Amino acid sequence: MTGKLLVRGMLLGLVAGLLSFGFLKLAGEPSVDRAIAFESAMEQTKADDAKAKGLPAPVEDPELVSRSVQAGIGLLTAVAVYSTAFGGIFALVFALAFRRMGDFGARATSALLAVAGFVSVYLVPMLKYPANPPSVGLAETIDMRTSLYFAMILISLAAMVGAGMLRIRLNQRFGNWNAALIAIGVYVVVISAVAFVLPEVNEVPEGFPATVLWQFRIASLGGQAVMWGALGLLFGVAAERVVAAREPALRRSTV
């Protein structure tokens, strides 16, 4: 059953990625273009200042990939690979969690895992270290920013798994609803403490349009929501069929 779920997860992850790509293309690319225009204006200003002072103009890095390729096939490839990989991981997690999270059907389990994944893998890390468009961020701090972001993802994911296990252990004592509320409360407390301890990163250049920054971050959030939402809903339908075909066979083998 796990093999069938894995194949379906990767295929549906690709479908979810295509939907996410469509959203990002429509909602995200305009803000990226405006951010690049701002960056170009800043570089031109620096070149003009250097020329006025008689200094050599700053050396510009060659453009290895054109903007049209970045916004088209480049974005599509990145989103497709990312979503397909997450689809496979999602399927494996579903196979591990199904019937262990509680008396939930395949669709409910898939939906709950999608919500938990979206919150722990993207939403919570984004609240601490939000996505930034081009021209935001210093080149010399990219390693530090990347490390902090992935550390936040790992901590958030571990806290989510721990909260889920805590809910299962507290079910019999407090009931499903109260156990879920306690687990959510513990997750929020842990993540709040971690977010307070980790350093802040604020490298938005002076004069950068706040509207562009807001639109880019909303588009990034929307793209992830589309991917996780589509994956959770579509995979639930596919997994339900796999489980329905599997469970009668298991029942017959125990007769």
Side-chain angles (χ1 to χ4, degrees), residues 20-21 24 27-51 53 55-71 74-79 81-83 85-86 117-160 188 190-225 227-228:
S20 179
F21 166 76
L24 291 172
E29 284 303 312
S31 58
V32 173
D33 289 336
R34 288 192 286 271
I36 292 175
F38 176 83
E39 185 178 31
S40 299
M42 288 182 58
E43 292 176 352
Q44 184 62 47
T45 300
K46 292 179 181 178
D48 293 341
D49 290 343
K51 183 178 180 180
K53 296 177 182 178
L55 300 174
V59 179
E60 296 184 6
D61 295 328
E63 186 180 54
L64 300 178
V65 181
S66 67
R67 174 65 188 136
S68 60
V69 173
Q70 293 175 14
L75 177 62
L76 175 61
T77 301
V79 173
V81 172
Y82 172 88
S83 301
F86 263 103
F118 173 71
V119 171
S120 60
V121 176
Y122 181 78
L123 182 61
V124 167
M126 186 272 295
L127 292 175
K128 177 63 178 179
Y129 300 115
N132 288 324
S135 78
V136 174
L138 303 175
E140 55 268 25
T141 65
I142 187 170
D143 291 338
M144 179 198 71
R145 288 185 281 118
T146 302
S147 298
L148 288 173
Y149 182 73
F150 278 104
M152 191 67 193
I153 291 177
L154 292 176
I155 294 170
S156 176
L157 190 57
M160 182 65 74
V188 171
V190 170
I191 289 301
S192 298
V194 170
F196 179 78
V197 171
L198 290 178
E200 296 286 340
V201 176
N202 184 12
E203 298 180 351
V204 180
E206 184 178 354
F208 189 87
T211 302
V212 174
L213 186 62
W214 175 254
Q215 290 173 345
F216 179 87
R217 289 175 176 175
I218 290 298
S220 176
L221 176 66
Q224 287 288 319
M227 188 202 78
W228 283 102

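On a predicted model such as this, the values are computed, not experimentally measured, just so you know.
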Margin query: For I142 versus T146, what's the shortest heavy-atom pair and its separation?
Written below: O-OG1, 2.7 Å
Next item on the list: Enter the distance from F118:CZ to M227:CE here, rounded to the nearest 0.5 Å.
Entry: 9.5 Å
Check: Among all residues two or more places apart in sequence or in another chain, which pass the side-chain hydrogen bond (donor to acceptor under 3.5 Å, both in side chains) test with T141?
Finding: R145, E203
Next item on the list: Measure the shortest side-chain to side-chain distance between P133 and F208 over non-hydrogen atoms and say whether it is less than 4.5 angstrom.
Entry: yes
Notebook entry, point to check: Which pair of heavy atoms, one from S156 and one from I191, lies closest together, and at what distance?
Noted result: CA-CD1, 3.6 Å
Notebook entry, point to check: With S31, which of T211, V212, I218 fulfils side chain to side chain contact (heavy atoms under 4.5 Å, CB included)?
Noted result: V212
Next item on the list: Report yes if the side chains of M126 and R217 come closer than 4.5 Å at any heavy-atom pair, otherwise no.
Entry: no
Next item on the list: Side-chain contact test, heavy atoms from C-beta onward, threshold under 4.5 Å: evaluate it for M152 versus V194 and give yes or no.
Entry: yes
Checklist line | Closest heavy-atom pair and its distance - V121, I153 | finding: O-CG1, 3.7 Å
Item checked: Side chain proximity check, V201 to Y149, heavy atoms < 4.5 angstrom -> no
Margin query: I need the minimum non-hydrogen distance between G223 and S20, along with the two atoms involved.
Written below: O-OG, 2.9 Å
Margin query: Determine whether Y122 and S220 satisfy the following criterion, side chain to side chain donor-acceptor pair (under 3.5 Å), listing intermediate values before the conclusion.
Written below: CA-CA 10 Å; Y122 181 78; S220 176; 2.6 Å; yes
Checklist line | Residues, nucleotides or ligands: over 12 heavy atoms within 6.0 Å of F150 CZ | finding: no
Item checked: Non-hydrogen atoms of S120 and M160 that approach each other most closely -> CB-CB, 3.8 Å
